[in-house]
There are 2 protein chains.
Amino acid sequence: MRASPEDRDGDDEREAAAPTAGRVTGRRGPRPAGPATISSVAAAAGVSRATVSRVMNGSPSVHPELAARVRAAAEALDYEPSAAARRLALGRTGTVALVVPDLSNPLFQNVLRGLSQAAGKAGCQLLVVESDEDPEEEVVLALEARRNADGIVLASPRAPDARLRELSERLAPFVLVYREVAGLGAPSLSIDNRAGIGEIVAHLTALGHRRVAYLAGPPASAGNAERLAALRADRGLELTVLPCGSMFDHGHAAAGAVVACGASAVVGFNDMVASGVLTGLRELDVRVPGEVSVVGFDDIAFARYTSPPLTTVAIPANELGRQAWERLWALMNGESGGYNVRYQPRLLVRDSTGPAPS
Amino acid sequence: MRASPEDRDGDDEREAAAPTAGRVTGRRGPRPAGPATISSVAAAAGVSRATVSRVMNGSPSVHPELAARVRAAAEALDYEPSAAARRLALGRTGTVALVVPDLSNPLFQNVLRGLSQAAGKAGCQLLVVESDEDPEEEVVLALEARRNADGIVLASPRAPDARLRELSERLAPFVLVYREVAGLGAPSLSIDNRAGIGEIVAHLTALGHRRVAYLAGPPASAGNAERLAALRADRGLELTVLPCGSMFDHGHAAAGAVVACGASAVVGFNDMVASGVLTGLRELDVRVPGEVSVVGFDDIAFARYTSPPLTTVAIPANELGRQAWERLWALMNGESGGYNVRYQPRLLVRDSTGPAPS
DNA sequence: TTGAAAGCGCTAACAT
DNA sequence: ATGTTAGCGCTTTCAA
C-alpha cells in the first residue's frame with residue numbers, strides 16, 4: 001500500500017516533522033485514518049449521512065445553509081464519494097464497454113473514438129477490451145467486461161452466430177457493429193460489403209478490367225468473407241484470390257504475387273494492404289495505375305496520402321461508434337434499439353485506378 | 001430469453017407452457033425475480049454464503065463434494081458474482097485508467113495498445129478517457145477515471161506542472177507518459193525529444209542542409225515545445241518555424257509555405273504532417289528529396305509507405321504502454337515505481353532526405 | 001426539510 | 001472444513 005509518490009506532504013510546516021502515517025490535509029487538525037467517507041463528512045457537518053448524500057447529489061430539498069455546511073466539511077476532508085459503493089447501491093456503473101478484435105486496426109480505432117466521444121458527452125466512461133482475434137477468449141472477455149458496465153458494444157465479433165445467440169441474454173443490453181446476426185435481439189450497425197464491392201467492380205469494369213486479384217484479409221474476419229463472396233459472385237470477373245492479411249506488410253509482401261498472376265487490377269481487403277501493395281509494386285517498377293490499378297477498402301485517413309492517392313470505398317467508422325452509443329443508450333433506458341442499419345459504402349475514385357492496359 | 005448453455009436438465013416438460021415473466025432455469029420451479037445472488041446460490045446449495053464465496057474464488061479449503069454442489073447450484077441459477085459488490089468489499093476495481101488527449105493520434109493509440117495488452121495479460125481491465133486537449137477538463141476526467149480504477153496512466157498531460165503536483169495525491173498511484181514533471185513522485189516514461197532532434201539535425205547538416213523549416217505541432221503539446229526548442233538551440237541552422245498542426249491535412253496545407261520560405265529541408269512535428277507535406281510538395285511538383293528533404297518524427301506504421309518512404313525518428317510508443325503497466329503494477333503493489341526513463345529516439349534514414357541542392 | 005434504518009451483494013475475520 | 005457476523009460506503013424509502 002501507499003505506493004504514493006507524495007509523502008513529502010508539503011505541509012506548510014517547514015519542519016516536516018511528524019512522519020505521520022496519514023497526510024494532513026484538512027483545514028486544521030489531522031485527518032482520521034483512511035479517506036473520508038460519507039459518514040465522516042456527516043459527522044463533521046453534524047448531519048445525517050442521508051443529508052450528505054442529498055447534498056452530494058444536488059437534491060434541491062435541502063436547506064441552503066445546511067448544504068453549505070456539508071460542502072465545507074466535504075471540502076475540508078477532501079471527500080470523494082466511493083464509486084464502488086455508488087455502483088452497488090445504484091445498481092449501475094456509469095460505464096459502457098467496447099470489445100474489439102484488434103486495436104491496431106484503424107477501423108476499430110475509429111469506432112472507439114466515436115463511441116468514446118459520444119459516451120463521454122453523456123458522462124459515461126468507456127471500458128476498452130481487445131480480444132486478440134480469438135473467438136472464445138472474446139466471449140469470455142465480453143462477459144467479463146459486461147459485468148463492469150451497463151452495456152456493451154461488440155465490434156466485428158468473431159464468435160459464431162450460435163454462440164452469440166446463446167449469450168445474448170447475459171450480454172444485453174448490447175449492440176453489434178460490423179456484423180449482423182440473424183434472430184438476435186440486439187441492434188446491429190454494419191457495412192454493406194456487397195454494395196462496396198459492387199461499386200468497386202463497376203468502376204473497374206468500366207475501365208476495362210477483367211482479370212482482378214483480391215488480397216484476402218484474415219480468414220476469421222466476417223468482413224473479408226463478405227467482400228470475397230461478393231467478388232466471387234461476379235461472373236464477369238476472372239478472379240484470383242491471394243491470401244494476404246490486414247497489415248501494410250502483408251500487402252507489401254503480396255506485390256510479387258500480384259504481378260505474377262497477371263491481373264490488371266487488384267483490390268485489397270483494406271486500405272492498409274492496398275497501400276502496402278502500392279509500395280511493393282513501385283519497388284517492382286510496376287506503374288500504378290498504368291500497368292495495374294489498385295483499390296482499397298475503408299478510406300482510412302492515410303488513403304489520401306499514398307502515392308498515388310488510393311481509390312477506395314469509404315465507410316463511416318466514426319459514425320458507427322456514435323450510433324452505437326445512441327442505440328446502447330436507448331437500450332439501457334428500456335427503449336428499443338431501433339432498426340438494424342447497413343451503411344452503404346461510397347466509392348472514392350482517386351488516382352490509383354485507371355484504364356486497363358490493352 | 002433462456003440463453004444459457006447448460007440447461008441439460010432440459011425440463012422434461014415439453015409443454016413449455018407458462019409465458020412466465022421470468023425464465024425458468026432452476027432445477028425445478030421458477031427462479032425468483034432478478035439475477036441470482038450469492039445468497040440465492042447459498043440457499044439452493046444448502047450452504048452458507050461464505051462457502052459459496054470460497055468456492056467461487058477457488059479456495060482450496062472446501063470439500064470437493066460441497067464445492068461441486070455449489071458449482072452446480074451456481075450453474076443452474078446462471079449465477080454471476082456482482083462486480084460492484086466485489087469492488088466494494090475488496091476495495092479494488094481490477095481496472096486501470098488511461099487518459100490521452102487525442103485518440104486519433106497514432107502515438108496514443110500505440111500506448112493504448114501496449115497498455116491494454118499488458119494489463120489484459122494480468123487480468124486487469126482498461127478504462128480509456130479522451131480529454132480532448134483541454135487541460136482543465138483533462139484533470140477532471142482523470143480524477144473521475146481514477147475513482148473507478150486502481151491506478152491511472154496519464155499520457156502527455158496538458159495540465160501545468162503545478163496542477164499535476166497538487167493533484168498527485170488524489171491521482172496516485174499513477175504514471176506519466178510522454179511527459180516529465182519535476183518534483184513529482186510519479187514515475188515518468190518519456191521521449192528524449194532533444195536527442196531526437198539532435199539526430200535529425202546531424203543527419204541534415206551532414207547532407208549539407210542549413211536552411212530548414214519546422215512544421216510546428218499544436219501549441220499545447222509539450223512534445224512540440226521540446227522539439228522546437230531543440231531546433232532553436234542549434235545556432236548552425238537558419239530556422240523557419242511554420243505554424244502547422246498534427247494532422248495530415250495540416251502538413252498538406254503547409255507545402256506552399258515550405259517552398260515559399262526557401263528551406264532545403266523541412267522537419268515535421270510528427271509523421272502525419274510530414275506525410276502531408278510530402279503529398280503537398282509532390283502536387284507542387286517539388287521533388288523530394290531532390291529539391292527539398294523532409295523528415296518526420298515518431299515512425300508511425302505508415303511512414304515506411306509514403307512516397308518516398310519517410311526519414312524519421314522512431315519512438316517506442318508501444319513499449320511505453322507496456323512499461324507504463326509495469327510501473328503502475330509495481331506502484332499498486334506498494335513497490336517503487338522505479339527510475340524515470342527517457343527513451344532515446346532512433347533515426348531511421350529512408351528516402352525522403354538527400355543532399356542539399358547547391 | 002431532515003433523520004433512521006434497511007438494504008445493495010460480496011468478503012473476511014473469527015468462531016466452531 | 002464450514003458457518004456466523006460484521007462490515008465495505010452509499011442510496012432510499014419511510015417517518016417525523
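Side chains included, hydrogens not; waters and symmetry mates left out as well; all remaining heavy atoms used.
Here CG of A:Leu127 is found 11.0 Å from CG of A:Asp150. Values are rounded to the nearest 0.5 Å. Note that CG of A:Leu171 is 13.5 Å distant from CZ of A:Arg165, once rounded to the nearest 0.5 Å.
Taking a cutoff of 4.0 Å between a charged side-chain nitrogen and a carboxylate oxygen, B:Asp132 and A:Lys121 do not qualify as a salt bridge.
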Would B:Leu176 and B:Phe174 satisfy side-chain contact (heavy atoms from CB on, under 4.5 Å), going step by step from the backbone distance to the final call? CA-CA 7 Å; B:Leu176 246 33; B:Phe174 72 110; 3.7 Å; yes

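At least one side-chain heavy atom of A:Ser53 sits less than 4.5 Å from a side-chain heavy atom of A:Asn57.
Close to D:dG3, at under 4.0 Å from its OP1 or OP2, lies a side-chain N or O of B:Thr51.
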Given protein heavy atoms under 4.0 Å, the one-letter contact record of nucleotides 7-16 of chain C, with B base, S sugar-phosphate only and - none, is simply -BBBBB----

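Rounded to whole Å, atom P of C:dT1 lies 12 Å from atom CG of A:Leu66.
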